[in-house]
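Down below is the structure, laid out as C-alpha cells.
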Amino acid sequence: MWQAPPAPVSREWLPVLDMPASGPQNRWTVLLRALLLIPQFVVVWVLSVVAFFVTVIGWFGALVLGRLPGFAADYLTAYVPYETRVTAYLMLTVDRYPPFRFHAPEYPVQVGLRPGELNRLAVLFRIILVIPASIVQGLVEAGWWMVAFISWLVVLVLGRMPQPLYEATTAILRYRTRYAAYLVMLSSAYPKRLFGDEPGSEPDGPVSATRPLVLSGAGRGLLVVFILLGVVSWTTSSITASVDSDDNDDEVTNPTQHVMAPLVPGPADRAAR
C-alpha cells in the first residue's frame with residue numbers, strides 16, 4: 001500500500017558558539033587576568049548601556065515589524081559577540097586577549113547569530129518568558145563564580161584548563177550567549193541544551209571544539225555541581241539579606257519600606273504585627 005513520505009523534520013536554529021579546544025595558556029596572563037581586563041570592563045559597560053536603550057527601542061520596533069529594526073539588529077549582533085569574547089577570556093577558556101573592535105573574524109571565539117522574523121506575542125511577553133532561562137543562567141554562573149578562585153589556581157598551576165572544567169565552562173558560555181540573544185530578540189529560539197549536544201548532531205561533521213558541544217560525564221557532573229552551588233549561593237544571600245533586614249526593623253518607621261525586602265517569608269509578616 002502506498003504511503004505518503006514522512007514530512008521533513010524542521011530543525012530549530014540556535015545561536016552557535018565556536019571555540020578552539022582547550023590548550024596551553026601563558027601563566028602570566030592567567031595570573032593578571034582580571035587586571036588585564038579592566039579596560040575591557042569599561043568598554044563593555046559603555047556598550048551595555050547603549051545596548052539597553054537599543055533593545056528597548058528595538059522591542060517597540062519588533063512589535064510593529066515582527067522583527068528587529070535594522071539598526072538594532074546590526075548593533076546587537078555586534079555587541080553580543082563582543083561581550084562573549086570578553087567573558088570567554090575572563091573565564092579562562094582562551095589565552096588570546098580580545099580585540100577592541102566589534103568584528104574580529106580572526107579571534108578564536110566566534111558567535112553565530114541570525115536575526116529574523118519574530119513572534120509578536122513572544123516579543124510582547126519577552127521579559128516574562130525569559131524568567132526561567134534567567135534563573136538557570138543565574139544559578140549556573142553563580143555556582144561557577146563560587147569556585148572561580150580554585151579554577152584560577154588550577155589553570156595557573158597546570159598552565160591549561162582541565163578538559164571537564166573546559167567543557168562545563170564553555171557550556172555556560174554558550175547558554176549565556178543564547179540567553180542574551182533571546183533576551184535582546186536576536187533569536188526566536190528559547191535558550192536550551194545547557195548540558196550539550198548529542199554526538200553527530202552536526203550533519204556535516206564537527207565545526208569546532210564546541211560545535212557540536214559534546215560533554216563528558218565529568219563535564220556534566222561539574223555543571224550539576226555549579227547549579228547546586230548556585231542554589232546555595234542564592235539561598236545564603238537571601239538569608240543574609242533577610243537577617244540584615246530584621247536587624248534594622250527597630251530603625252524603620254515607615255512599614256511600606258518592607259516592600260523592598262527580599263522575597264523570603266517572615267519580615268513583612270512580623271512588621272505587620
Side-chain angles (χ1 to χ4, degrees), residues 9-25 80-81 83-96 107-114 129-148 150-152 154-155 158 160-184 186-233:
V9 178
S10 61
R11 297 184 61 198
E12 181 183 45
W13 193 87
L14 289 160
V16 297
L17 175 67
D18 287 320
M19 294 183 61
S22 176
Q25 299 203 36
V80 171
E83 194 271 345
T84 300
R85 291 193 292 268
V86 173
T87 305
Y89 185 74
L90 175 64
M91 297 178 78
L92 305 172
T93 56
V94 291
D95 193 49
R96 185 173 172 181
Y107 194 73
V109 178
Q110 295 293 318
V111 176
L113 298 166
R114 295 180 187 175
L129 293 174
V130 82
I131 289 176
S134 176
I135 293 173
V136 172
Q137 187 254 352
L139 285 175
V140 73
E141 280 201 21
W144 191 94
W145 283 107
M146 281 189 71
V147 295
I150 298 175
S151 301
W152 175 77
V154 169
V155 177
L158 299 179
R160 64 185 302 133
M161 179 173 279
Q163 184 61 25
L165 180 59
Y166 177 81
E167 292 172 359
T169 305
T170 52
I172 295 171
L173 277 170
R174 189 178 72 165
Y175 192 88
R176 173 192 175 94
T177 300
R178 290 177 174 177
Y179 164 76
Y182 183 78
L183 179 64
V184 301
L186 288 174
S187 173
S188 60
Y190 202 79
K192 55 176 68 71
R193 297 179 192 167
L194 172 63
F195 286 89
D197 306 314
E198 294 297 325
S201 55
E202 285 291 331
D204 299 325
V207 178
S208 68
T210 55
R211 185 155 50 122
L213 180 58
V214 180
L215 273 62
S216 63
R220 290 171 181 257
L222 270 179
L223 277 178
V224 173
V225 170
F226 291 151
I227 292 173
L228 294 176
L229 288 175
V231 172
V232 171
S233 175

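Only a predicted model underlies this, so the values are computations on that prediction, with no experimental measurement involved. Values reported hereafter were calculated over all heavy atoms of this structure, with side chains retained and with hydrogens, waters and symmetry mates removed.
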Between the CZ atom in Arg160 and the CG atom in Asp95, the distance rounded to the nearest 0.5 Å is 11.5 Å
Minimum heavy-atom separation for Leu92 and Met161, please, with both atom names.
O-CE, 3.5 Å
Residues passing the salt bridge (Lys or Arg N to Asp or Glu O under 4.0 Å) test with Arg178, sequence neighbours excluded, are none
Quick one: closest heavy-atom pair of Ala171 and Leu213, and the distance?
CA-CD2, 3.6 Å
Contact check, side chains of Pro212 and Pro206, non-hydrogen atoms, under 4.5 Å:
yes
Least distance between heavy atoms, Trp13 atom then Gly112 atom
CH2-O, 3.1 Å
Interatomic spacing from CG in Asp18 to OG1 in Thr170 - rounded to 0.5 Å:
11.5 Å
Counting only N and O atoms by type, is there a donor-acceptor contact under 3.5 Å from the side chain of Ser151 to the main-chain atoms of Val147?
yes
Within this structure, what is the CE-CD distance for the pair Met91 and Glu141, rounded to the nearest 0.5 Å?
6.0 Å
Atom CZ in Arg174, atom NZ in Lys192: separation rounded to 0.5 Å?
11.0 Å
From OH (Tyr182) to CG (Leu129), nearest 0.5 Å
4.5 Å
For residues Thr93 and Met19, report the shortest heavy-atom separation together with the two atoms involved.
OG1-CE, 3.2 Å
Any Tyr107 side-chain heavy atom under 4.5 Å of Pro81 side chain:
no
Taking the side chain as everything from C-beta on, heavy atoms only, tell me whether Arg176 gets closer than 4.5 Å to Thr84.
no
For residues 215-230, which side-chain N or O atoms pair as donor and acceptor with protein atoms under 3.5 Å away, sequence neighbours left out?
residue: Ser216; atom: OG; partner: Glu167; partner atom: OE1; Å: 2.7
residue: Ser216; atom: OG; partner: Gly219; partner atom: N; Å: 3.2
residue: Arg220; atom: NH2; partner: Phe195; partner atom: O; Å: 3.3

Taken to the nearest 0.5 Å, the spacing of Leu186 CG from Thr177 OG1 works out to 11.0 Å
Contact check, side chains of Leu173 and Thr87, non-hydrogen atoms, under 4.5 Å:
yes
Check whether Thr210 reaches the backbone of Leu17 with its side chain - one donor and one acceptor, N or O, closer than 3.5 Å.
yes
Which residues share a ring-ring contact (aromatic ring centres under 6.0 Å, His included) with Trp145, sequence neighbours left out:
none
Please name the pair of heavy atoms, one in Tyr89 and one in Val94, separated by the smallest distance, quoted to 0.1 Å.
CD1-O, 3.6 Å
